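So the structure is just underneath, and the comments pick up after that.
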Amino acid sequence: MRDLSQLIDVDDPAWPLLRQELEASGVPTDLCPVDADQGRATLHQLQVTAKSYLGAFVLHCGGLVLDQGWLRVFGSPASGDPWGLPGLAHVNGFPRESDPTWRPGAGLVIAHDVLGGVFAVNGADPAEAGRPGSPGEVVYFAPDSLRWEALGAGHSAWLSWILSGALDQFYEALRWPGWREEVQALRGTEGMSLYPPLWSAEGRNGLAATSRRPVPMAELLGIARDASRQFDGDDPGFLGAV
């Protein structure tokens, strides 16, 4: 493994540019306070440098909450974070001590949305993992189709994309009147369960009339994974530990 200093002490670190994007974004965002020790440990295990957006993000950000909590991007949160977000290391089951043999399985889970949608960076062999796209590409597990979708971008481009205001269009069919007020009342480890579920015809066609309640995100992800296996015969695999 490369030493931590090799990962941090680099020419042209990405953080100044990423910070500019965060400050210029018109999307409602909350930047969570960072735990510096956790950030360094996460960077060391990832073995990416601070020249990348991923490296800069885990090193300098506790996490990012967009649109009043609709989307939660995982970083290295300090204790007492008001949203209660888990860290990237926790969500992906990183080993306690840096381990050069450890890899994040099918890919690295980088964000959850309030409906149980999952954004992940593909691992080295997406086809073997049953996922679309190429290595390093961001994919999305959609809660309305229960399938992975390739987004055609790597992590840096994806992060710029979500900060650009693209979420409004991406989630247009999945938001209901008054969603902001309902979502902002949740903690970072909670999601919104809808009945009828999004993957049913009734749920998709009558979103405003669905019954909604807060549930632990772990429960929401478990239900989605079970439903995918039951109805499609497809296991989407690991969706993150919350």
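Just the heavy atoms: all of them, side chains too, but no hydrogens, waters or symmetry mates, feed the values below. What you see is a predicted model; the values in this text were computed from it and never measured.
Using a 4.5 Å cut-off on side-chain heavy atoms (C-beta onward), Thr210 and Pro196 make contact. Put simply, the side chain of Phe57 does not reach to within 4.5 Å of the side chain of Phe74, judged on heavy atoms. Side chains of Leu198 and Leu146 form no contact here, defined as non-hydrogen atoms less than 4.5 Å apart. At least one side-chain heavy atom of Trp148 sits under 4.5 Å from a side-chain heavy atom of Val118. Side-chain atoms of Thr42 and Leu59, non-hydrogen and from C-beta on, never get closer than 4.5 Å to each other. Contact check for Leu46 versus Leu88: side-chain heavy atoms found under the 4.5 Å cut-off. Using a 4.5 Å heavy-atom threshold, the side chains of Arg2 and Thr49 count as touching. Counting heavy atoms from C-beta on, the side chains of Leu163 and Leu64 come closer than 4.5 Å.
Side-chain atoms of Asn92 come within 3.5 Å of backbone atoms of Val109 as a donor-acceptor pair (strictly under, hydrogens ignored). Put simply, the side chain of Gln47 gets close to the backbone of His44: a donor and an acceptor are under 3.5 Å apart. Checked by atom type and distance alone, the side chain of His112 pairs as donor or acceptor with a backbone atom of Leu239 at under 3.5 Å. Proximity of a side-chain donor or acceptor of Ser76 to a complementary backbone N or O of Val58 within less than 3.5 Å is detected. In this structure a side-chain-to-backbone donor-acceptor pair under 3.5 Å is missing from Gln68 to Pro28. In this structure a side-chain-to-backbone donor-acceptor pair under 3.5 Å is missing from Asp35 to Gly62.
To the nearest 0.5 angstrom, Leu186 atom CG is 6.0 Å from Arg72 atom CZ.
Ring pair Tyr53/Trp158: centre-to-centre distance not below 6.0 Å.
No more than 12 heavy atoms of other residues, nucleotides or ligands shown are found within 6.0 angstrom of OH on Tyr195.
At a cut-off of 3.5 Å, with distance as the only test, a side-chain donor of Trp176 or Glu182 sits close to an acceptor on the other residue. Remark: the Asp99 side chain and the Thr101 side chain contain an N/O donor-acceptor pair separated by less than 3.5 Å. When only modelled atom types and interatomic distance are considered, Thr189 and Arg187 share no side-chain donor-acceptor pair under 3.5 Å. The closest side-chain donor-acceptor pair between Glu137 and Ser134 falls under 3.5 angstrom.
Here the closest non-hydrogen pair linking His90 and Val242 is NE2-C, 4.2 Å. The shortest non-hydrogen separation linking Pro86 to Val91 is CG-CG2, 3.7 Å. Taking both residues in full, the closest heavy atoms of Ser52 and Ala14 are given as O-CB, 3.6 Å, listed atom of the first, atom of the second, then distance.
Under the 30°/60° scheme for interplanar angles, the aromatic rings of Phe119 and Phe170 are found to be tilted.
Between Glu190 and Arg212 there is no salt bridge, since no side-chain nitrogen of the basic residue lies less than 4.0 Å from a carboxylate oxygen of the acidic one. Salt-bridge check for Asp67 with Arg175: passed, with a basic side-chain N closer than 4.0 Å to an acidic carboxylate O. Taking the charged nitrogens against the carboxylate oxygens, Asp234 and Arg229 have no contact shorter than 4.0 Å, which rules out a salt bridge.
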